[in-house]
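Every number for a ligand or one of its atoms is a count from 1 in the order of the listing.
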Amino acid sequence: MSGGWTLVVHGGAGIIERERLGADGEQAIRTALGAALEAGAAVLRAGGAALDAAEAAVVVLEDDPNFNAGRGSVFTFDGTIEMDAAVMDGRDRSAGAVTRVTGTRNPVRLARRVKEASSHVLLSCDGADAFAREHGLEEAGADWFATDERRRQLDEMRARGDAHFDTEMKYGTVGAVARDAAGHVAAATSTGGITGKRWGRVGDSPLIGGGTYADDRTGAVSATGSGEFFIRAVAAHQVCARVRYLGEDVVGAAQATIDDVGALGGTGGVIVVGREGEGAWAFNSSGMYRGRVSAGSAPVVAIFGDE
Ligand code: ASP
């Protein structure tokens, strides 16, 4: 994959196994990843910008209740839903992000608006939702975001008395990275975080350099997994730094970064697009919902580690 446009998406990483997912669940995920790829590819095919494509792909997954972002986000310990998102444009490394938003239908659109209509990078909580309202973004109530399955997962987790990470249930964060025909790259990530999160916990997804990064000199990255470890490894930026300073290719840089996250004890994955349009992914969990498409090649969607 090189030269033309490329789009890579993810829908989260974790303990993803055939028996657990079931045939219907698997089909729903594959269909949704395909729809996200098509939404972004339509932008790129028409000569659109990488950031528009990444945003379009993420919006599809935010609106799909099967993913832990927007509708279908996981519940906090207190039974609320608090969402995080970020975007970054590799052209000028401009970025926008939001954390702990509760009333904006598409947090990725809000992150984009922060990038474009404020002089800030990261807005939080009520202030971020107020900014969304001021800018006319679509609002949504708790009923829109909440699903029975996520509530069941919270109940199960509480019944087990889990204190922190629930590696089985937290997957479903979404992200997209794109390289457009003009050679620019962009990244977008959106998540509900991890089931049962407390105390205003914020993960890597909305942190520029942690879960999201883009730089035309190297490429664009979106991460998913146990966020605390991705923050400590500065994972998304690490991929780009490896390309820039060590001369690694994006496949090697993605793998080395996941190895580094793994060495700290973290699990998850990254998707990457390089400045020439090379697409890559790497993960150390049993699966990662993922897909890629580029000019002249058919879309590919995969879920399990052995695909
Ligand atoms: N990285 C996200 C977080 O820690 C969760 C995930 O990707 O599954 O909030």
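A salt bridge does not link Arg232 with Glu228: every distance from a Lys NZ or Arg NE/NH1/NH2 to an Asp or Glu carboxylate oxygen is 4.0 Å or more. The existence of a salt bridge linking Arg152 and Glu149 is confirmed by a sub-4.0 Å separation between a basic side-chain nitrogen and an acidic carboxylate oxygen.
Considering backbone and side-chain N/O atoms, Gly225 comes within less than 3.5 Å of an N/O atom of ligand 1. Where the criterion is an N or O separation shorter than 3.5 Å, residue side chain and backbone included, Thr191 fails it with respect to ligand 1. Residue-to-ligand polar distances keep Asp84 apart from ligand 1: every N/O pair is separated by 3.5 Å or more. Residue Gly203 has no N or O atom closer than 3.5 Å to an N or O atom of ligand 1.
For Glu228, the closest heavy-atom approach to ligand 1 does not fall below 4.0 Å. Put simply, no part of Gly211 is less than 4.0 Å from ligand 1, judged by heavy atoms.
A cation-pi arrangement is present between Arg292 and Trp281, with the terminal nitrogen or guanidinium carbon under 6.0 Å from the aromatic centre and inside a 45° cone about the axis. In this structure, Arg198 forms a cation-pi arrangement with Phe77, its terminal cationic atom sitting closer than 6.0 Å to the ring centre and no more than 45° off the ring axis. A cation-pi arrangement is found for Arg18 relative to Phe304, the charged atom lying closer than 6.0 Å to the ring centre and inside a 45° cone about the ring normal.
In the candidate list Leu207, Asp204, Thr173, Thr173 is nearest to atom 6 (C) of ligand 1, counting heavy atoms.
When only modelled atom types and interatomic distance are considered, Asp84 and Ser205 share no side-chain donor-acceptor pair under 3.5 Å.
Every atom of ligand 1 with a heavy atom of Thr224 under 4.0 Å away is listed here by number and element: 6 (C), 7 (O), 8 (O).
Of all the heavy atoms of Met288, none lies under 4.0 Å from any atom of ligand 1, so neither backbone nor side chain is involved. If you look at Ser205 next to ligand 1, the close heavy atoms, those under 4.0 Å, all belong to the side chain.
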Evaluate salt bridge (charged side-chain N to carboxylate O under 4.0 Å, His left out) for Arg45 paired with Glu38, printing each intermediate quantity in order.
-> CA-CA 10 Å; Arg45 224 180 270 128; Glu38 181 44 37; 3.1 Å; yes

